[in-house]
Amino acid sequence: MKQAVKLVANNKKAYHDYFIDEKYECGIELFGTEVKSIRMGKCSVKEAFVRIDHHNEVWIYGMHINPYEKGNIFNKDPLRARKLLLHKNEITKLAGKIAEKGYTLVPLQVYFKNSLVKVEIGLARGKKLYDKREDIAKKDQRRELEREFKVKNLY
């Protein structure tokens, strides 16, 4: 049984700013007009962040879902906090990791898995400036090698 996955929003900035140690797939609590808006691709997680509150619930803040055009009175606030759905043992594991210094939760992508909206969150450690420079240098080096390889194959 193959599961259809359709990517809606991606957070490339997270990979630039953080080392992603673990990834978790979780559901998200949405209203009908929000789901319709996401189906049209009107979703952004660039400025979003994830927190675990004192009731051991996981919330995503700053995730922008544009109001559905035909939603009229049923539209909700585009930047409201939304609850993420994870198992209790996953939440306690994440809470323990976040208590360690330097760890945080960041949303990586939003996608449809069959007909359900899923959010992939990552347990991340912040990069220092020299780590970012290292990544940029590696990317440039790889790009240069690919360019040389392409030129050699043309002749």
Quiz item: Going by heavy atoms in the side chains, are I91 and I52 under 4.5 Å from each other?
Solution: yes

Self-check item: For the student: nearest non-hydrogen atoms of G62 and L79, plus distance
Solution: O-CD2, 3.9 Å

Quiz item: Would V106 end up clustered with Y15 when hydrophobic side chains under 4.5 Å apart are linked, directly or stepwise?
Solution: yes

Practice problem: Check whether any side-chain N or O of N114 sits under 3.5 Å from a backbone N or O of L116 as a donor-acceptor pair, and report yes or no. | Solution: no

Practice problem: Could you check E22 against K93 for salt bridge (charged side-chain N to carboxylate O under 4.0 Å, His left out), going step by step and ending with a plain yes or no? | Solution: CA-CA 11 Å; E22 296 177 34; K93 181 181 174 185; 3.7 Å; yes

Quiz item: Does W59 reach the side chain of L84, with side-chain heavy atoms less than 4.5 Å apart?
Solution: no

Quiz item: Looking at side-chain heavy atoms only, is the closest gap between K138 and E134 below 4.5 Å?
Solution: yes

Quiz item: Could you state the interatomic distance from CG (L7) to CD (E120), rounded to the nearest 0.5 Å?
Solution: 9.5 Å

Quiz item: How many angstroms lie between atom CD of E144 and atom NZ of K139, to the nearest 0.5 angstrom?
Solution: 15.5 Å

Practice problem: Taking all heavy atoms of A124 and all of Y18, pick out the closest pair and write down the distance. | Solution: CB-CB, 3.5 Å

Quiz item: Is the backbone N or O of R80 less than 3.5 Å from a side-chain atom of R82, with the two atoms forming a donor-acceptor pair by type?
Solution: yes

Quiz item: Is the shortest heavy-atom distance from the side chain of Y68 to the side chain of K42 under 4.5 Å?
Solution: no

Quiz item: Looking at CG of L86 and CG of N56, how far apart are the two atoms once the value is rounded to the nearest 0.5 Å?
Solution: 11.0 Å

Practice problem: Taking the side chain as every heavy atom from C-beta outward, state whether E90 and Y24 have any atom pair closer than 4.5 Å. | Solution: yes

Practice problem: Please name the pair of heavy atoms, one in A14 and one in I20, separated by the smallest distance, quoted to 0.1 Å. | Solution: O-CD1, 4.4 Å

Quiz item: Hey, any chance I28 and L85 share a hydrophobic cluster, counting ILVMFWY side chains that come within less than 4.5 Å of each other, even indirectly?
Solution: no

Self-check item: Residues Y111 and E25: side-chain donor-acceptor under 3.5 angstrom
Solution: yes

Quiz item: Minimum heavy-atom separation for M63 to C43, with atom names?
Solution: CE-SG, 3.5 Å

Practice problem: Before giving the answer on side-chain contact (heavy atoms from CB on, under 4.5 Å), spell out for V58 and K83 the whole-Å C-alpha distance, their side-chain angles and the decisive distance to 0.1 Å. | Solution: CA-CA 6 Å; V58 183; K83 188 175 180 180; over 6 Å; no

Quiz item: OG/S115 to NZ/K6 distance, rounded to the nearest 0.5 angstrom?
Solution: 12.5 Å

Quiz prompt | Heavy-atom closest pair, residues P107 and F49 | solution = CD-CA, 4.0 Å

Quiz item: What is the distance from atom CG of L123 to atom CD of E100, rounded to the nearest 0.5 Å?
Solution: 8.5 Å

Quiz prompt | V50 with V117, same ILVMFWY side-chain cluster at under 4.5 Å | solution = yes

Quiz item: Would E57 and K88 pass as an ion pair if we require N to O under 4.0 Å?
Solution: no

Exercise. Output yes when a side-chain donor or acceptor of E146 lies under 3.5 Å from a complementary backbone atom of R143, and no otherwise.
Key: no

Quiz item: If you look at every heavy atom in F112 and V35, which pair is closest and at what distance?
Solution: CZ-O, 4.2 Å

Quiz item: Side chains of K12 and K46: does their closest heavy-atom pair fall under 4.5 Å?
Solution: no

Quiz prompt | Separation between SG of C26 and CD1 of I60, rounded to the nearest 0.5 Å | solution = 7.5 Å

Quiz item: Do Y61 and R51 have side-chain heavy atoms sitting under 4.5 Å apart?
Solution: yes

Quiz prompt | Candidate list V45, V8, L30, T33, test side-chain contact (heavy atoms from CB on, under 4.5 Å), partner I65, passing option | solution = L30

Quiz prompt | Step-by-step side-chain contact (heavy atoms from CB on, under 4.5 Å) determination, L108 to I121 | solution = CA-CA 5 Å; L108 300 175; I121 60 174; 6.0 Å; no

Quiz item: Can you find a heavy atom in the side chain of R125 that is under 4.5 Å from one in the side chain of D21?
Solution: yes

Quiz item: Should we count CD of Q141 as having more than 12 external heavy atoms under 6.0 Å?
Solution: no

